[in-house]
Amino acid sequence: MNSEFAIIGGGVAGLSAAIGLQSINSDFMLFEQSALVKGIGAGFGLAANAMQALDFLGLKEDIEKIGHHVSTYNILDQQGNILLAPDTNALSDQYKQDNFTIHRADLHHYLHSKIPVEKIVLNKRAIKFTQQKDLITLYFEDGTQHECRYLIIADGVKSPLRQQLIPSSAPRYAGYTCWRATIDNSDIKLNKGSETWGKAGRFGMTPLVGNRVYWYACINAPAQSSKFKNYTISNLIEDFKDYHTPIPQILAQTKDKDLIWNDIIDIKPLQNLAYANILLIGDAGHATTPNMGQGACQALEDVAVLIDELGHKEDVIAAFQSFEKRRLARTKYITETSKFIGEVAQWENKPLVFLRNTILKKLPSKFTQRDLQKLLSVDFMKINT
Ligand SMILES: Cc1cc2nc3c(=O)[nH]c(=O)nc-3n(C[C@H](O)[C@H](O)[C@H](O)COP(=O)(O)OP(=O)(O)OC[C@H]3O[C@@H](n4cnc5c(N)ncnc54)[C@H](O)[C@@H]3O)c2cc1C
């Protein structure tokens with residue numbers, strides 16, 4: 001055997017799992033297909049629940065230094081009127097954690113810096129595994145192999161290893177495509193985050209540390225559309241020209257070379273996350289659409305719960321089973337709720353949009369906070385079964 005644990009994938013899930021295993025003195029190796037551990041040039045939100053998980057892993061204070069504190073994140077209509085205004089400050093006070101946004105590259109760089117270099121092997125794309133008794137053999141694209149006792153699959157939504165384990169778990173397309181970029185904030189001077197629901201699609205923006213702005217735009221589209229594949233900033237400027245400030249200005253400042261384009265996909269909630277000595281974590285186990293900003297947050301919750309279980313149980317397979325009990329319902333709720341929010345947010349039918357916006361504007365703030373409250377009111381660290 002080459003290592004006790006093997007982790008496949010050096011994203012948020014895999015890197016934080018490596019840090020967690022190291023903190024409980026477990027023997028592991030992490031394999032990443034890319035030549036570098038780097039997040040793409042975009043940001044994401046780390047909600048209070050993610051900060052709670054980072055706190056458990058002993059990483060919260062460092063992350064707060066490289067994150068941008070978020071106090072408001074409103075949903076707006078195309079003219080900039082407020083549709084939904086969850087009071088994130090009240091929730092932060094209640095749950096004793098703040099919400100942050102962070103640049104992915106900053107987060108990946110930080111997590112990577114906490115892992116000894118000899119524990120990460122780059123340029124290693126896992127293509128399959130075999131199981132013999134309690135030993136797992138991993139096979140890589142370059143013809144090499146690695147033997148381990150326990151396998152943590154953290155290689156993202158398209159995970160080839162998950163699809164070997166569960167052939168019916170191919171990603172599903174959400175019906176909308178997304179562009180993202182990070183730009184300089186000197187001229188825009190954006191100081192709060194928001195998401196706008198309008199007739200061309202959705203546009204979200206938030207400040208990041210280092211005087212940067214992260215933005216994303218989602219448009220309804222067929223899967224892998226060649227039209228959208230060739231889209232440039234000038235196309236997006238045309239689509240979003242009637243949106244409130246500073247959306248047209250943000251787009252005008254973005255360069256084509258900085259655009260990141262993806263169709264939005266998730267996976268149908270799985271029946272299991274633990275398969276004897278194999279565990280699925282992060283997007284590999286429960287990829288969700290980004291509408292609740294919870295994908296990476298759930299990956300961090302996964303790792304906190306996993307390390308909690310491994311720290312309390314001698315038997316790793318029993319720890320994997322307890323992990324599944326604590327994680328399955330919560331991640332399923334997020335995948336399904338996020339899918340529903342995305343469908344409503346991407347409505348194009350004019351009467352339906354009018355009805356939706358009228359109702360949303362009239363909702364009391366207590367109601368608009370319901371989903372956030374539900375997310376945060378569950379102490380995911382304390383569901384010990
Ligand atoms: C538009 C958009 C916005 C988002 N916004 C947010 C947000 O605001 N907040 C939030 O919490 N989440 C957000 N997410 C979700 C978040 O990006 C993901 O949930 C998170 O990155 C998942 O981390 P992961 O480590 O599980 O997977 P990944 O980040 O996909 O990492 C998987 C890693 O495995 C590697 N890999 C893949 N296959 C192999 C292989 N065969 N062998 C070896 N290595 C392999 C990859 O190179 C990669 O490094 C957003 C997602 C999108 C698309």
Side-chain angles (χ1 to χ4, degrees), residues 6-18 29-51 53-54 67 70 73 99-105 107-108 111-112 120-129 138-142 146 151-164 171 174 176-181 193 195 202 204-206 208 214-218 260-267 280-303 331 334-335 338 342 375:
I7 304 169
I8 303 297
V12 180
L15 293 171
S16 52
M29 286 300 294
L30 185 153
F31 300 95
E32 162 59 41
Q33 66 181 1
S34 311
L36 278 173
V37 171
K38 61 168 172 41
I40 55 166
F44 53 38
L46 290 176
N49 59 313
M51 298 312 289
L54 287 164
V70 179
Y73 200 86
N99 298 283
F100 289 82
T101 52
I102 193 162
H103 196 287
R104 279 169 193 261
L107 179 62
H108 282 221
L111 295 173
H112 187 199
I120 303 188
V121 190
L122 300 173
N123 282 316
K124 281 278 173 193
R125 177 170 166 75
I127 49 171
K128 66 168 188 171
F129 64 89
L138 286 159
Y139 296 84
F140 296 96
E141 205 166 51
D142 62 6
H146 181 91
L151 172 60
I152 298 179
I153 301 179
D155 55 354
V157 58
K158 294 183 181 165
S159 170
L161 299 192
R162 180 195 68 237
Q163 292 183 71
Q164 178 190 337
Y176 39 94
T177 199
C178 182
W179 292 263
R180 293 175 274 176
E195 183 174 286
R202 268 184 297 162
M205 54 192 156
T206 183
L208 295 173
Y214 159 58
W215 66 261
Y216 57 89
C218 295
I260 300 161
W261 174 67
N262 299 93
D263 274 354
I264 296 298
I265 51 178
D266 70 357
I267 55 169
L280 294 165
I281 64 167
D283 276 12
H286 44 70
T288 171
T289 50
N291 308 306
M292 293 171 81
Q294 276 291 322
C297 301
Q298 290 306 306
L300 290 165
E301 282 193 8
D302 278 353
V303 173
T331 51
I334 284 159
T335 303
S338 179
L375 250 186

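We count ligands from 1, going down the list as the structure has it; atoms in each ligand are counted the same way.
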Exercise for the section: Identify, with sequence neighbours excluded, every residue that meets ring pair (Phe, Tyr, Trp, His ring centres under 6.0 Å) alongside Phe44. Expected result: none
Handout entry: Nearest-0.5 Å distance, OH of residue Tyr214 to NE2 of residue His103
Key = 9.5 Å
Exercise for the section: Sort out the contact shell of ligand 1: every protein residue with a heavy-atom distance below 4.0 Å, listed by chain and number. Expected result: Ile8, Gly9, Gly10, Gly11, Val12, Ala13, Phe31, Glu32, Gln33, Ser34, Phe44, Gly45, Arg104, Lys124, Arg125, Ala126, Ala154, Asp155, Gly156, Pro160, Cys178, Arg180, Tyr214, Gly282, Asp283, Pro290, Gly293, Gln294, Gly295, Ala296, Cys297
Completion exercise
The single option from Ile8, Ile127, Leu280 that satisfies side chain to side chain contact (heavy atoms under 4.5 Å, CB included) with Leu161 is Ile8
Problem - Donor-acceptor side-chain pairing of Gln33 and Asp155 below 3.5 angstrom - result: no
Handout entry: With Phe140 via ring pair (Phe, Tyr, Trp, His ring centres under 6.0 Å) - residues at least two apart
Key = Phe31
Completion exercise
With sequence neighbours left out, the residues meeting ring pair (Phe, Tyr, Trp, His ring centres under 6.0 Å) with Phe129 are none
